[in-house]
Amino acid sequence: MKEKRFLKSSLFEYFNYFLALSLLVAAISGGALYYSSSTLLWKDAIQNSSNTLNLIKNGQEIVLAEVDKAMEAVFLDSSFLHFMDYYDQADIYMQLQLRQRLENVVLSSDYIHSVSIYYTSSQMILSSLQGALPLSGFQDRDFIRSMVEQTSNKSTVRTRFLPEISSAKEESVISIVKTLPVIQTGTPSAYVVINIKGNYLAQIMQSLSTNPDVQLVVTDQEGHILSQKAREEETSDFGDFVSGMDISQFSETSGSLFAKVRGVDSLVCYVTSGTSGWVYTYMIPKSVVTHSLHLWSRLTVAICLMAVVLSLIGSLLLSRRIVNPMHRLLNMMRGIDQKSYDSKSEHAKEIVQIERSVSRLMDQNRDLTTLLMDYEIQSRNKFLQRLVCGDEQISPHTMERLTYYGLSFPETGSFVVLIVSMDEYSKFTQNMHESERNTWFLQLSERLQEEAFGKMGYQGYLVEAEPNEMVMVLYLAEEPIDSEMLPESLRSWLRQLLTLLCQVPTMTFTIGVSTLHTSIEELSECYQEAGSALRQKLVYGGNTVIYYEAVRPEAGIVMYPLGLEKQILTHFKTGNREGLISGLQEFEAHMIAHHARQIEVVRHYFLQLFSSSLRCVYEIDANLGFQPVIQQLRHTDLLEMETMQSMVSYMQALYELVLDQLEQKRSMKNQELAVAITAYIDTHLADDLTIERLSEIFAISTSHMRKIYKDETGMTIKERVSERRIAAARMLLGDQRLKIQEIAEQVGYLTVQSFTKAFKMETGRTPGEYRSELLRVHG
């Protein structure tokens with residue numbers, strides 16, 4: 001009976017009203033907050049994973065770029081391609097030289113483990129670890145054989161995870177395979193296998209601070225694991241999942257998707273490297289991302305229970321029998337306002353917690369954003385430098401990148417390239433710290449950009465190609481100018497620019513200017529022309545503007561062989577006399593093949609080689625260029641020569657003279673070092689005179705110090721120290737006031753026993769016997 005009364009009473013009516021409104025408010029506010037919070041967390045998780053993957057990818061690309069730079073010595077040296085000729089001719093010297101060069105390439109990089117060259121025709125291996133040997137005796141022969149079966153018409157990059165490559169059982173490498181020659185058709189002459197230390201990628205991944213449940217994986221294009229970061233209990237079965245992963249579903253260079261990872265719903269983000277093709281994957285369980293949102297599910301249940309309790313309390317307080325329905329409605333509205341306020345107050349606390357978590361994540365990503373901005377600046381300069389040097393193939397993507405970098409000029413028009421070179425750069429930077437040099441050139445770059453793009457309104461860009469050269473690309477007009485002659489306004493501005501630059505005391509500049517060209521694809525020709533004009537500085541002198549139109553060769557003449565010049569100067573810098581002779585012979589053969597009847601052209605090209613060689617002298621040793629023997633070499637001597645053989649002999653004599661001077665100067669430095677070491681030993685007999693201590697004092701390696709001192713004095717440092725200490729001890733033993741222990745301390749021996757042993761070994765008598773003999777002789 002009471003139950004029926006309750007169902008018909010206002011108490012039950014108010015209870016229903018309060019319960020319905022409370023549940024409605026809880027559902028709407030909880031659902032809205034859950035949706036907005038989950039959206040923020042998903043976006044933040046994707047952004048955080050993308051930043052992490054880009055950091056790993058950028059680190060890997062920087063390492064691969066350093067490896068490619070170190071390997072230029074192999075790919076640019078034709079001797080490695082003809083190694084089998086030396087092997088067949090039993091030329092042991094060249095074989096040892098090439099192996100030493102291969103070992104030097106490995107030692108020059110912290111990332112290269114070993115390098116092997118497989119010659120396909122003879123099935124021979126030249127390895128930095130094992131030297132020259134047949135394929136059957138090579139430790140890594142199985143990989144070589146499997147590699148050869150997969151033929152390719154061009155240089156390719158292959159990756160693998162190779163354990164136990166050396167005596168270190170747990171050591172692993174990532175192997176990159178390229179071909180010799182680099183550009184070839186059909187079967188290559190040789191394969192070059194570059195084994196990169198595999199731990200560098202793992203160290204990059206381990207250095208990143210990520211959630212313990214996050215799994216990072218690096219794979220190649222075929223899905224093979226190169227490196228990973230996961231919890232130890234998941235490492236064993238994680239490889240099975242990755243090996244079965246369909247990499248082809250990663251259709252873009254970067255993106256994200258939801259997938260099941262070993263039966264767990266996970267967020268999978270990926271980034272693909274355009275350089276190596278490696279795929280970087282970031283996987284995190286969905287439950288980890290939404291962990292903080294689980295609080296809302298528990299809070300929702302609590303809110304619902306609270307709504308039931310509040311509804312019951314409100315119905316008890318407002319259950320008076322009221323005839324006026326408006327009064328009942330107002331009371332009901334008062335209960336809704338209070339409930340809404342309480343609910344919003346609870347939700348506000350949770351929103352603050354979520355916002356604080358998001359703020360902390362954003363603070364962690366600010367450093368990543370700064371790194372990415374620096375990388376983008378470096379990538380822009382590298383792209384623009386490759387574009388002007390001709391290393392970038394022009395495509396619609398190229399024009400899009402130009403627009404992205406704020407350079408919106410068309411493919412066709414009127415283009416000119418300027419190279420601003422500082423005269424006597426080596427002398428200027430000899431006593432300058434690297435940071436000071438960078439600051440000064442940054443100011444110079446800003447000044448050039450202000451003059452060209454700010455005041456004059458030209459379009460274009462400025463990059464640093466060499467340590468002492470700024471390359472400026474100018475876009476003059478949308479429609480190509482009919483004549484190749486430069487506008488008079490540009491010539492006038494160049495004269496003003498040179499005057500402005502040379503206002504700095506004791507500092508001058510030379511500007512090389514190309515002719516006009518009509519498309520972006522011809523920028524490399526502009527760059528070569530400006531470089532050719534700049535090399536005429538030896539003839540025209542510094543502190544001037546040199547136009548290519550005034551120095552270019554006649555129509556129909558083959559361009560200057562820059563490749564041969566680079567090869568000759570490389571041998572010159574490394575002191576390779578045999579390479580210099582071979583390079584000059586190739587240079588002479590090129591002149592005979594293309595300019596046999598044009599002696600003026602030959603003389604012109606030898607002047608260019610002479611100019612580049614003298615500049616190379618200053619790069620090797622700035623002080624050497626001011627010695628009288630170098631001042632005797634004049635370009636006018638080349639102008640007076642009538643035959644190519646005499647020019648070749650003159651250049652060979654120049655190289656021999658400079659190399660002899662460098663060796664003599666190096667020998668004098670070695671003599672000075674030996675004298676300084678001997679003087680230090682004489683004045684510091686009581687101090688620590690070990691080879692390690694002396695190497696720290698004179699800032700030279702112990703092995704190098706041993707060799708120099710032995711070559712210059714005929715004695716080892718240990719022998720010299722012992723000789724001088726025993727000689728000093730003989731003089732001190734004549735003073736009867738000094739005890740033998742005091743004498744031992746004064747000449748650098750820590751104990752009397754060690755002093756007695758050394759003294760007897762040198763003189764055949766103990767210090768006491770020697771003193772007694774002195775007393776008998778001198779009474």
Open item on the list: Looking only at side-chain N and O atoms, does Tyr655 offer a donor or acceptor that is under 3.5 Å from a partner on Ser613?
Closed with: yes

Open item on the list: A side-chain contact here means heavy atoms from C-beta on lying under 4.5 Å apart; do Ile700 and Leu673 qualify?
Closed with: yes

Open item on the list: Before you tell me yes or no, could you show the steps for Arg491 and Tyr547 under side-chain contact (heavy atoms from CB on, under 4.5 Å), namely the whole-Å CA-CA distance, both residues' side-chain angles and the distance that decides it to 0.1 Å?
Closed with: CA-CA 10 Å; Arg491 295 173 182 270; Tyr547 298 94; 3.7 Å; yes

Open item on the list: Ring-plane angle category for Trp493 and Tyr458, please: parallel below 30°, perpendicular beyond 60°, tilted otherwise.
Closed with: perpendicular

Open item on the list: Using side-chain heavy atoms (C-beta onward) and a distance below 4.5 Å, is Leu497 in contact with Leu501?
Closed with: yes

Open item on the list: I'd like to know if the side chain of Gln608 pairs up with that of His604 as donor and acceptor (distance under 3.5 Å, no hydrogens or angles considered).
Closed with: yes

TODO: Would you tell me whether Ser612 and Glu565 have side-chain atoms, one donor and one acceptor, within less than 3.5 Å of each other?
DONE: yes

Open item on the list: If you count every heavy atom of other residues, nucleotides or ligands that lies below 6.0 Å from Phe698 atom CZ, does the total exceed 12?
Closed with: yes

Task: Residue pair His517 / Glu529, side-chain donor-acceptor N/O under 3.5 Å - done: yes

Task: Donor-acceptor pair between Glu464 and Ser445 side chains, under 3.5 angstrom - done: no

- [ ] Please answer whether the main-chain N or O of Thr412 pairs with a side-chain N or O of Ser519 as donor and acceptor at a distance below 3.5 Å.
- [x] no

Open item on the list: Any carboxylate oxygen within less than 4.0 angstrom of a Lys/Arg side-chain nitrogen, looking at Glu103 and Arg99?
Closed with: yes

TODO: Decide yes or no for Val471 and Val417: does some side-chain heavy atom of the first lie under 4.5 Å from some side-chain heavy atom of the second?
DONE: yes

Open item on the list: Counting C-beta onward and ignoring hydrogens, is there a side-chain heavy-atom pair between Leu180 and Leu81 closer than 4.5 Å?
Closed with: yes

Open item on the list: Could you tell me if Arg401 sits above the aromatic ring of Phe383, with its cationic atom closer than 6.0 Å to the ring centre and no more than 45 degrees from the axis?
Closed with: yes

TODO: Specify the closest pair of heavy atoms between Cys502 and Phe509, including all atoms of both residues, with the distance to one decimal.
DONE: SG-N, 3.7 Å

Open item on the list: Check whether Ser582 reaches the backbone of Gly579 with its side chain - one donor and one acceptor, N or O, closer than 3.5 Å.
Closed with: no

Open item on the list: Can a donor-acceptor pair be found, under 3.5 Å and without considering hydrogens, that links the side chain of Thr499 to the backbone of Arg495?
Closed with: yes

TODO: State, yes or no, whether a side-chain contact exists between Ile112 and Asn195 at a heavy-atom distance under 4.5 Å.
DONE: no

TODO: Indicate the atoms forming the closest heavy-atom contact of Pro410 with Phe415, along with that distance.
DONE: O-CZ, 3.5 Å

Open item on the list: Tell me whether Glu488 at atom CD has more than 12 heavy atoms from other residues, nucleotides or ligands lying less than 6.0 Å away.
Closed with: yes

- [ ] Could you tell me which residues satisfy ring pair (Phe, Tyr, Trp, His ring centres under 6.0 Å) with Phe587, sequence neighbours excluded, listed by chain and number?
- [x] Phe606

Task: Side chains of Ser116 and Tyr191 in contact at under 4.5 Å (non-hydrogen atoms) - done: no

TODO: Give the C-alpha distance, both sets of side-chain angles, the deciding distance and a yes or no for side-chain contact (heavy atoms from CB on, under 4.5 Å) between Val416 and Thr515.
DONE: CA-CA 6 Å; Val416 65; Thr515 60; over 6 Å; no

- [ ] Could you tell me which non-hydrogen atom of Leu102 sits nearest to which non-hydrogen atom of Ser127, and how far apart they are?
- [x] CD2-C, 4.0 Å

- [ ] Decide yes or no on side-chain contact (heavy atoms from CB on, under 4.5 Å) for Tyr548 and Cys526, but give the supporting numbers first.
- [x] CA-CA 9 Å; Tyr548 179 72; Cys526 292; over 6 Å; no

Task: Between Asn104 and Gln100, a side-chain donor and acceptor under 3.5 Å - done: yes

Task: Arg380 to Tyr461 six-membered ring, cation-pi geometry met (6.0 Å, 45°) - done: no

- [ ] Please round to the nearest 0.5 Å and tell me the distance separating atom CD of Glu656 and atom CD1 of Ile581.
- [x] 6.0 Å

Task: Straight-line distance of Gln671 CD to Asp711 CG, nearest 0.5 Å - done: 11.5 Å

Task: Sidechain-backbone polar pair: Thr510 side chain, Asn543 backbone, donor-acceptor under 3.5 Å - done: yes

Task: From Leu387 atom CG to Tyr405 atom OH, the distance as rounded to the nearest 0.5 Å - done: 11.5 Å

Task: Test side-chain contact (heavy atoms from CB on, under 4.5 Å) applied to Val192 and Tyr118, step by step - done: CA-CA 6 Å; Val192 181; Tyr118 169 65; over 6 Å; no

Open item on the list: Tell me whether Thr570 contacts the main-chain N or O of Lys566 through its side chain, where contact means a donor paired with an acceptor under 3.5 Å.
Closed with: yes

Task: Glu392 vs Ile520 side-chain heavy atoms within contact, under 4.5 Å - done: no

Task: N/O donor-acceptor pair under 3.5 Å between Ser128 side chain and Val115 backbone - done: yes

Open item on the list: For the OH atom on Tyr111, are there more than 12 heavy atoms of other groups (residues, nucleotides or ligands in this structure) within a distance under 6.0 Å?
Closed with: no

Open item on the list: Taking atom CG as the centre, does Asp88 end up with more than 12 heavy-atom neighbours from other residues, nucleotides or ligands that are less than 6.0 angstrom away?
Closed with: yes

Open item on the list: Checking the side chain of Glu522 only, and the main-chain atoms of Thr518 only, is there a donor and an acceptor separated by less than 3.5 Å?
Closed with: yes

Open item on the list: Looking at every non-hydrogen atom in both residues, tell me the closest pair between Ala533 and Gly512 and how far apart they are.
Closed with: CB-CA, 4.2 Å

TODO: Would you check if Glu451 and Leu500 make a side-chain contact, meaning some heavy-atom pair closer than 4.5 Å?
DONE: yes

Task: Minimum heavy-atom distance between Tyr605 and Pro561, given as atom pair plus value - done: CD1-CD, 4.4 Å

- [ ] Can you see which heavy atom on Phe453 is nearest to which on Gly460, and at what distance?
- [x] CZ-C, 3.6 Å

Open item on the list: Distance check, rounded to the nearest 0.5 Å: Met470 atom CE versus Gln449 atom CD?
Closed with: 8.5 Å

TODO: State the CG-CG distance between Leu462 and Asn381, to the nearest 0.5 angstrom.
DONE: 9.5 Å

Task: Atom pair CD1/CZ of Ile117 and Phe83 - distance to nearest 0.5 Å - done: 8.5 Å

